[in-house]
Amino acid sequence: MIKPGVPAPGFVKRIGSLVDRRRRVDFRALESEQILNRLNDPRMPFGWTVNPYRGCEFGCRYCYARPTHAYLGHADPEDFESRIYVKRTETDRLLARLRKARESGEEIALGAATDPYQPAEGRFAVTRGVLEAMRRVPGLRIGITTKSPAIGRDADLLAEIAASSELMVNFSIASLDAGLLRRIEPRAPRPDLRVAAMARLSAAGVPARLFAMPVLPWLTDREPGLRALFRAARAAGAREAIWNVLFLRGDTRGFFLDFIAREFPRLLARYRDLYAGGSSAEAGYREGVERLAGRIALEEGFPGRGRDERVEAERPARPRQLTLAW
Ligand code: SF4
């Protein structure tokens with residue numbers, strides 16, 4: 001049970017001092033026994049996670065990591081964007097953990113919860129430290145997910161890692177409509193900059209993939225917009241495309257629907273109906289998006305797969321182990 005405004009017991013001792021303050025954002029240290037965590041969720045296509053930061057300045061309205069800030073004592077969901085926690089990397093411990101991940105044969109997801117190339121990375125370089133350790137452990141399986149062209153800083157290092165490990169950089173781009181995304185992902189970099197970064201990494205020999213996620217009902221789910229996105233990503237060298245319709249889990253649901261009520265009030269009742277059954281959109285809608293995106297992906301030259309198929313195909317069978325920690 002989380003008390004509003006009070007850090008959960010497991011976090012009290014981990015919260016460190018203020019390490020920087022910029023404009024509207026405070027950065028605070030967060031001690032972690034392990035920066036690379038084991039995951040126990042057979043629905044996910046990876047077995048390990050690294051999230052160098054908690055909180056994210058990009059401030060996407062649909063972000064499912066936002067409610068986790070309550071564990072750090074933040075009652076206001078907006079604090080997720082302005083109270084950022086910076087983890088530390090102990091190289092020897094990380095190297096040992098990376099060897100364990102290699103033994104497991106399972107993928108390490110860097111940035112599955114928060115963006116590893118958010119603005120904090122320019123100041124603290126925690127992600128860079130993780131990549132430097134990964135370079136020293138060949139034979140890993142790594143997936144990096146970002147919305148930021150700042151990943152271009154590490155193009156050379158990523159190319160080195162790609163030469164000795166299985167690496168895929170997932171560019172999260174829901175639409176090419178910059179004006180629309182400015183409202184939905186207020187401080188995330190423009191989509192054209194993400195596409196340009198994808199082209200840069202691809203040219204450097206780093207495999208890149210389009211994450212066309214989340215597909216937002218009646219906002220980013222029309223054929224012309226999806227086609228333009230898939231086409232641009234393919235031209236930028238993306239090898240695969242994956243898509244998935246918006247989930248509205250837990251507290252994210254209220255936060256996102258409040259946003260829809262303010263910004264797109266004509267859609268509110270339709271969203272409520274579509275998500276009346278729970279965190280997933282109604283099955284018929286999801287199947288329609290699946291057919292549409294699958295067709296576009298194939299027509300644009302991708303070996304397209306939806307997220308569920310990817311989980312089936314990529315997750316090796318393994319016993320349930322620890323719960324997610326980060
Ligand atoms: S970039 Fe990712 S972590 Fe950051 S706010 Fe958006 S969805 Fe959340």
Side-chain angles (χ1 to χ4, degrees), residues 22-25 55-66 78 80-82 84 111 114-122 144-153 155 169-203 208-238 240-248 252 255-268 271 289 292-293 296-297 300 302:
R22 289 193 184 176
R23 301 183 304 276
R24 48 182 280 288
V25 184
C56 180
E57 269 190 71
F58 290 158
C60 306
R61 306 286 97 182
Y62 53 75
C63 181
Y64 66 83
R66 185 182 295 274
E78 300 284 355
F80 181 77
E81 305 165 25
S82 59
I84 308 295
T114 56
D115 200 301
Y117 286 96
Q118 59 177 286
E121 175 62 12
I144 302 173
T145 302
T146 187
K147 287 184 170 73
S148 179
I151 194 171
R153 177 199 67 183
V169 176
N170 306 306
F171 282 89
S172 169
I173 315 174
S175 167
L176 291 181
D177 184 337
L180 177 65
L181 289 195
R182 184 60 60 229
R183 297 166 77 182
I184 300 168
E185 305 170 345
R187 280 170 296 284
R190 290 195 331 249
D192 58 307
L193 299 178
R194 300 180 220 174
V195 173
M198 184 185 272
R200 179 176 173 193
L201 290 196
S202 297
R209 174 160 59 193
L210 170 66
F211 266 16
M213 299 185 205
V215 176
L216 295 160
W218 307 296
L219 292 172
T220 65
D221 62 354
R222 301 294 95 180
E223 176 159 356
L226 285 173
R227 186 176 293 285
L229 173 59
F230 281 57
R231 186 167 291 173
R234 190 66 174 152
E240 295 178 20
I242 294 179
W243 52 88
N244 204 26
V245 175
L246 173 74
F247 276 113
L248 288 178
T252 302
F255 188 85
F256 185 79
L257 291 180
D258 285 351
F259 160 75
I260 290 289
R262 280 195 313 275
E263 292 285 329
F264 304 98
R266 68 187 168 78
L267 295 180
L268 183 60
Y271 265 86
V289 169
L292 175 64
I296 294 171
E300 296 301 329
F302 285 108

Using every non-hydrogen atom in the two residues, find where [X] and [Y] come nearest and quote the distance to one decimal.
X      : Y      : value
Arg66  : Phe80  : CA-CD1, 3.5 Å
Pro214 : Ala174 : O-CB, 3.7 Å
Pro116 : Gly111 : CD-CA, 3.7 Å
Leu267 : Pro217 : CD1-O, 4.5 Å
Gly55  : Ile84  : C-CD1, 3.6 Å
Ser202 : Ala238 : OG-N, 4.3 Å

From [X] [atom1] over to [Y] [atom2], what is the distance, rounded to the nearest 0.5 angstrom?
X      : Y      : atom1 : atom2 : value
Leu176 : Asp192 : CG    : CG    : 8.0 Å
Cys63  : Ile184 : SG    : CD1   : 14.0 Å
Thr146 : Arg194 : OG1   : CZ    : 8.5 Å
Met198 : Ile151 : CE    : CD1   : 10.5 Å
Leu229 : Ile173 : CG    : CD1   : 6.0 Å

*Which residues pass the salt bridge (charged side-chain N to carboxylate O under 4.0 Å, His left out) test with Arg262, sequence neighbours left out?*
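In terms of salt bridge (charged side-chain N to carboxylate O under 4.0 Å, His left out), with neighbours along the sequence ignored, Arg262 is linked to no residue.
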
*Quick one: salt bridge (charged side-chain N to carboxylate O under 4.0 Å, His left out) partners of Arg183, sequence neighbours excluded?*
Glu263

Between [X] and [Y] (side chain of the first, backbone of the second, donor and acceptor by atom type, cut-off under 3.5 Å), is there such a pair?
X      : Y      : answer
Arg61  : Phe259 : no
Asp221 : Trp218 : yes
Arg222 : Thr220 : no
Tyr271 : Ala261 : no

*Evaluate the side chain to side chain contact (heavy atoms under 4.5 Å, CB included) criterion for residues Val195 and Phe171: first the C-alpha distance (whole Å), next the side-chain angles of each, then the deciding distance (0.1 Å), finally the verdict.*
CA-CA 8 Å; Val195 173; Phe171 282 89; over 6 Å; no

*Check each of Leu216, Leu219, Val215 against Leu246 using the side chain to side chain contact (heavy atoms under 4.5 Å, CB included) test, and report the only one that passes.*
Leu216

_Option among Pro149, Ser148, Pro189 that satisfies the side chain to side chain contact (heavy atoms under 4.5 Å, CB included) test with Tyr117_ = Ser148

Beyond-backbone contact of [X] with [Y], side-chain heavy atoms, under 4.5 angstrom:
X      : Y      : result
Arg23  : Ser82  : no
Arg182 : Arg190 : yes
Lys147 : Phe211 : no
Phe247 : Thr252 : no
Glu81  : Arg24  : yes

*Give a yes or no on whether a salt bridge exists between Glu57 and Arg22, defined as a side-chain N under 4.0 angstrom from a carboxylate O.*
no

*Do Glu223 and Arg231 meet the salt-bridge criterion of a basic N to acidic O distance under 4.0 Å?*
no

*With under 30° as parallel and over 60° as perpendicular, where do the rings of Trp243 and Phe230 fit, or are they tilted in between?*
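The arrangement is tilted - the two ring planes meet at 30° to 60°.
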
_Evaluation steps, side chain to side chain contact (heavy atoms under 4.5 Å, CB included), between Phe58 and Glu185_ = CA-CA 6 Å; Phe58 290 158; Glu185 305 170 345; 6.0 Å; no

*Check Thr114, Asp115, Asn170 against Thr145 for a side-chain hydrogen bond (donor to acceptor under 3.5 Å, both in side chains) and give me the one that passes.*
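So, applying the side-chain hydrogen bond (donor to acceptor under 3.5 Å, both in side chains) to Thr145 and each of Thr114, Asp115, Asn170, only Asn170 qualifies.
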
